[in-house]
Amino acid sequence: SDGSHMYMAADRAGDEAYMLAKHLPGVPVLIGTDRTKTGQYAVEHFGAEVAILDDGFQHWKLARDVDVVLIDSVNLFGNGYVLPRGTLRESITHLERADICLMTKVDQGLPGFNKYIRDQIAKYGNNPIVLESIHHPQSCIELCDWKRNIADEGMPISTISGKRVVALSAIGNPASFEQTVCSTGAEIIESFRFPDHHEYTQEERVDAMEQAVRQGAEAIVTTEKDAVKLPMEFLAAVPDDKAIPVYILTVEVVLQKGKDEFEQLLRQKLEQHRKKG
């Protein structure tokens with residue numbers, strides 16, 4: 001995206017880049033295998049003053065001012081191993097390079113998880129800022145509206161509150177998504193879970209819709225990451241008189257403990273660059 005128009009579909013740009021572009025009107029979203037060249041392009045063509053990298057901790061070729069490491073408060077450091085044996089991108093010892101450790105979904109972790117994460121950060125880190133956050137359900141957007149519009153505000157969470165719904169997801173932590181759905185007041189009567197980055201087949205889409213209708217669901221609720229891979233034909237999987245709405249649940253990351261220190265660090269870095277001219 002150049003900040004005004006989107007030029008690539010999700011199957012070429014990737015799920016997350018596509019989602020970012022839909023959420024950030026006015027902000028260019030660039031992709032490229034060589035992030036140094038991509039960053040230079042952003043400066044030369046868009047006058048970028050700040051570049052935010054997704055999954056940039058391992059990209060050593062590009063100099064960084066701040067390194068942020070996300071730590072899932074529900075899935076504690078995966079199984080302790082790096083890819084492909086585990087889920088870690090790097091060894092936990094590399095926390096020593098982090099300026100900020102952002103703990104996500106702290107409200108969903110079991111008792112003691114928060115302390116355990118902080119103990120590991122203290123053990124391996126180099127005194128980084130520790131920032132806590134939660135995933136707060138923000139809105140419900142019907143699939144057709146999500147496909148058509150950029151930065152659609154959608155409908156209030158109360159749209160699914162008290163309703164019997166089916167949860168559909170192909171993400172790394174479906175249990176966390178389902179817990180967020182339940183926090184809205186919706187009742188999950190069935191869950192369809194697929195592997196992370198799974199590409200839905202037509203048979204799977206039809207089966208999910210038919211089972212939802214058969215079980216008396218009032219809606220299907222899915223994630224934005226899944227919405228990228230669900231075509232409009234998903235809504236036509238059953239006759240119109242039996243069709244139920246498909247809602248995309250949007251979430252907002254709400255910063256909590258450590259927020260002031262985090263914002264202060266960012267302001268300091270920006271001020272340093274401003275003085276450099």
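Atom set for the values below is all heavy atoms of this structure, side chains included, hydrogens, waters and symmetry mates excluded.
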Just checking, is any N or O donor in the side chain of Gln211 or Asp207 under 3.5 Å from an acceptor N or O on the other one? yes
Is there a path from Tyr116 to Ile92 through hydrophobic residues (I, L, V, M, F, W, Y) whose side chains come within less than 4.5 Å of each other? yes
Minimum side-chain heavy-atom gap Ile141-Met155 below 4.5 Å: no
Is the CD1 atom of Ile52 crowded by more than 12 outside heavy atoms at less than 6.0 Å? no
Any link between Leu76 and Val130 through a network of hydrophobic side chains (Ile, Leu, Val, Met, Phe, Trp, Tyr) touching at under 4.5 Å? yes
Would you sort out whether Arg205 and Glu233 count as a salt bridge (charged side-chain N to carboxylate O under 4.0 Å, His left out), showing the intermediate values? CA-CA 9 Å; Arg205 297 194 300 265; Glu233 289 76 17; 5.8 Å; no
What I want to check is whether the side chains of Glu44 and Gln40 have a donor and an acceptor closer together than 3.5 Å. yes
For residues Asp2 and His45, is any side-chain donor paired with an opposing acceptor at under 3.5 Å? no
Start with the C-alpha distance between Lys257 and Met103, add both sets of side-chain angles, then the distance that settles side chain to side chain contact (heavy atoms under 4.5 Å, CB included), and finish with yes or no. CA-CA 10 Å; Lys257 190 174 181 179; Met103 298 165 56; over 6 Å; no
Would you check, one step at a time, whether the test side chain to side chain contact (heavy atoms under 4.5 Å, CB included) holds for Asp11 with Glu199? CA-CA 10 Å; Asp11 58 352; Glu199 295 289 340; over 6 Å; no
Roughly how far, to the nearest 0.5 Å, is the OG atom of Ser91 from the CZ atom of Phe77? 10.5 Å
Non-hydrogen atoms of Tyr18 and Ala9 that approach each other most closely: CD1-C, 4.0 Å
Taking the six-membered ring for Trp, are Phe57 and His59 closer than 6.0 Å centroid to centroid? no
The reported gap from CD1 in Ile171 to NZ in Lys225 (rounded to nearest 0.5 angstrom) is 7.5 Å
With no hydrogens and no angle check, do the side chains of Glu224 and His23 hold a donor and an acceptor under 3.5 Å apart? yes
Within the supplied structure, the quantity of interest is the number of heavy atoms (other residues, nucleotides, ligands) at a distance under 6.0 Å from Phe46 CZ; does it exceed 12? yes
Heavy-atom pair with the smallest gap, counting every atom of Asp145 and Arg148: OD1-NH2, 3.1 Å
Expected list for residues 66-73: side-chain donor-acceptor pairs under 3.5 angstrom, two or more places apart:
unit_1 : atom_1 : unit_2 : atom_2 : d
Asp67  : OD1    : Arg64  : NH1    : 3.4
Asp72  : OD1    : Val74  : N      : 2.8
Asp72  : OD1    : Asn75  : N      : 3.4
Asp72  : OD2    : Lys105 : NZ     : 3.2
Ser73  : OG     : Thr104 : O      : 2.8

Are Leu53 and Trp60 joined in one hydrophobic group, where the rule is that I, L, V, M, F, W and Y side chains link up if heavy atoms are under 4.5 Å apart? no
Donor-acceptor contact below 3.5 Å, side chain Thr222 vs main chain Leu168: yes
Least distance between heavy atoms, Gly258 atom then Ile129 atom: O-CG2, 4.2 Å
For Thr180, run the side chain to side chain donor-acceptor pair (under 3.5 Å) check against Gln108, His136, His135 and tell me which one passes. Gln108
Any chance CD of Glu271 has more than 12 other-residue heavy atoms, nucleotides or ligands included, within less than 6.0 Å? yes
Please work out whether the ring planes of Tyr200 and Phe194 are parallel, tilted or perpendicular, with thresholds of 30° and 60°. perpendicular
Under 4.0 Å between a Lys/Arg side-chain N and an Asp/Glu carboxylate O for Asp119 and Lys123? no
Interatomic spacing from CZ in Phe177 to CG in Asp226 - rounded to 0.5 Å: 7.0 Å
Closest non-hydrogen atom pair, Leu143 against Pro231: CD2-O, 3.9 Å
Do you know the tightest heavy-atom contact between Gln256 and Leu131? O-CD1, 4.3 Å
For a quick test of reading the model, state the closest non-hydrogen atom pair linking Phe234 to Met209 and the distance between them. O-CE, 3.5 Å
To the nearest 0.5 Å, what is the distance between NZ on Lys22 and CG on Leu20? 12.0 Å
Measure the CD-CD1 distance between Glu261 and Ile100 for me, rounded to the nearest 0.5 Å. 10.5 Å
Heavy atoms from other residues, nucleotides or ligands near OH of Tyr41 exceed 12 (cutoff 6.0 Å): no
Atom CD of Glu153: over 12 foreign heavy atoms under 6.0 Å: no
Test side chain to side chain contact (heavy atoms under 4.5 Å, CB included) applied to Val165 and Glu187, step by step: CA-CA 6 Å; Val165 305; Glu187 177 190 356; over 6 Å; no
Please tell me whether Glu132 and Asn114 have a donor and an acceptor in their side chains that are separated by less than 3.5 angstrom. yes
All N/O donor-acceptor pairs, side-chain side in residues 242-254, below 3.5 Å, sequence neighbours left out:
unit_1 : atom_1 : unit_2 : atom_2 : d
Thr250 : OG1    : Ser139 : N      : 3.1
Thr250 : OG1    : Ser139 : O      : 3.3
Thr250 : OG1    : Ser139 : OG     : 2.7

Taking a hydrophobic cluster as the set of Ile, Leu, Val, Met, Phe, Trp and Tyr residues connected by side-chain heavy atoms closer than 4.5 Å, whether directly or through intermediates, do Leu230 and Phe192 fall within one such cluster? yes
Check for me, please, whether Ile188 and Ile220 land in the same ILVMFWY cluster - side-chain distances under 4.5 Å, paths through other members count. no
What distance do Lys147 atom NZ and Leu235 atom CG have between them, rounded to the nearest 0.5 Å? 9.5 Å
Any Lys/Arg nitrogen of Asp34 or Lys61 sitting under 4.0 Å from an Asp/Glu carboxylate oxygen of the other? yes
